[in-house]
Amino acid sequence: MAGAKLSSSYHLAAALRREPDAAAALRLFLNPTSAAPSSAPPPFRYSLRCYDIIVCKLAAARLFPEMESVLAGLPPSLRPREPLLCRVISAYGRARLPFAARRAFAHPAFPDPRTSRALNTLLHALLACRAPLSEILGECRASGIAPDACTYNILMRAAAVDDSGSVEDARNLFDEMLQRGIAPTIVTFGTLVTAYCGAGRIEEAFKVKEVMSSQYKIRPNAYVYASLMKALCQKGKVDDAVRLKEEMVRDKELVLDSGAYATLARALFRVGRKEEVVGLLEEMKGKGITVGREVYNAMIAGFCEDEGDLDAAFAALDDMQKDGCKPDAMSYNTLVAKLCKMGRWRDASELVEDMPRRGCRPDVVTYRMLFDGICDAGEFSEARKVFDEMVFKGFAPSKDGARKFIGWIEREGDDEVFLESVLCQLARINALDSSGWEKAVGGMLHEPPEQMAVKLLDDLKLT
DNA sequence: ATAGGGTTAG
């Protein structure tokens, strides 16, 4: 009998893995033996593997309430491991739900104690939620878990983010790390270089590059070069960036990828030197570097934004696919933005509708640009459809788009019920930093959306 | 996917 059980759980795991649609996978998980809904318990014991797969799928599809109920339904005998906890925390981070990420960190289904790995995942999730450095530091201290190099790298990254801290904070964290005897890694130096570059302090960034190799014997890698090249390009020093690329290429130890080339490609388009991009591509192929997604995306952006050549941009998208490189949301978003700017929102809309079939999930940027584009065109009944779809998926429109949309409904003047429902939906996901959505996830919605809606309307009218 | 870059909007 044990063999039959094992086999069933094994087959369920395989079937779950095969199912691309998370909702369908959940139905299978809840009712593995027949197609008809049933409340009877499954006839075999689920392996931890089954839980791993379904939780990951639900997390990726942002079906958070469903994911939480699966976790809550874990039998006490099955203790999921920390990697799964980390997946859950990062999923909340990607969805920008800091409260939910914090709750997951303390989730009772996972055995204690938490390690620095889980802590680091939480800190990184909070960073993804744009939490300020002070808050991330507070969380770190409150955990009582000893920080490691990875922790400091995340904190330094948080310090370097706009409006959160400053390069000085990053530098102080670096010094603190040294005082505590934690050895900086290549990632630490990459982060520090990027911090200085982000602040426009190129000389100090180059100084870090020099010190890391002379004092710490850690050679700058492609990440370090990419940051420096980007900073040079932003100051209009494209030729210096090209020279730095050549220095990078001369280092035979260095593992090259196409990342640094993307910056150069984009910069060359910006300064009207797109012919040179062909040379870059050939150089990459000659060196056996796969022309990656970022490079294709840079070219798509260049054709759209600088050349105004939509046909060439779509041709680049085709080339990308022919080369076995799968376009991502960014590839499509650039095209959607361009189509909207040209007033061709119908074409933009068709492209967005086609994305899932092409194997790419539209993201928040996709929807915001499409929604804004349709609102700008004054096609509000069409905008309403996009609004419903994005809100259903938990994506908030841009403030600008929301304002135009609300303005239109008010001008129409005869649909109080519609206005109220739109405001409530906005209140849930847009106002108050998604906390309404988070409360819904946690099943503890305190403030009625109607009350939030009143505040939100004031907010939209003020700005 | 415990951490860093590079390609899109604001």
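None of these values were measured; they are calculated from a predicted model. First the proteins, then the strands, lettered A, B, ... as listed; each starts at 1.
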> Out of A/T191, A/L232, A/I202, A/V193, which residue meets the side-chain contact (heavy atoms from CB on, under 4.5 Å) rule with A/S227?
Replying inline: A/V193
>> Are A/S331 and A/Y296 packed together at the side-chain level, in the sense that at least one heavy-atom pair is separated by less than 4.5 angstrom?
In response: no
> For nucleotides 3-10 of chain B, read 5' to 3', which letter fits each nucleotide if B means a protein heavy atom sits under 4.0 Å from the base, S means only the sugar-phosphate is that close, and - means neither?
Replying inline: BBBBBBB-
> Is the backbone of A/K326 close enough, under 3.5 Å, to the side chain of A/R293 for a donor and an acceptor to pair up by distance?
Replying inline: yes
> With under 30° as parallel and over 60° as perpendicular, where do the rings of A/F371 and A/F405 fit, or are they tilted in between?
Replying inline: perpendicular
>> Are A/F269 and A/F303, when compared by the centres of their aromatic rings, separated by less than 6.0 Å?
In response: yes
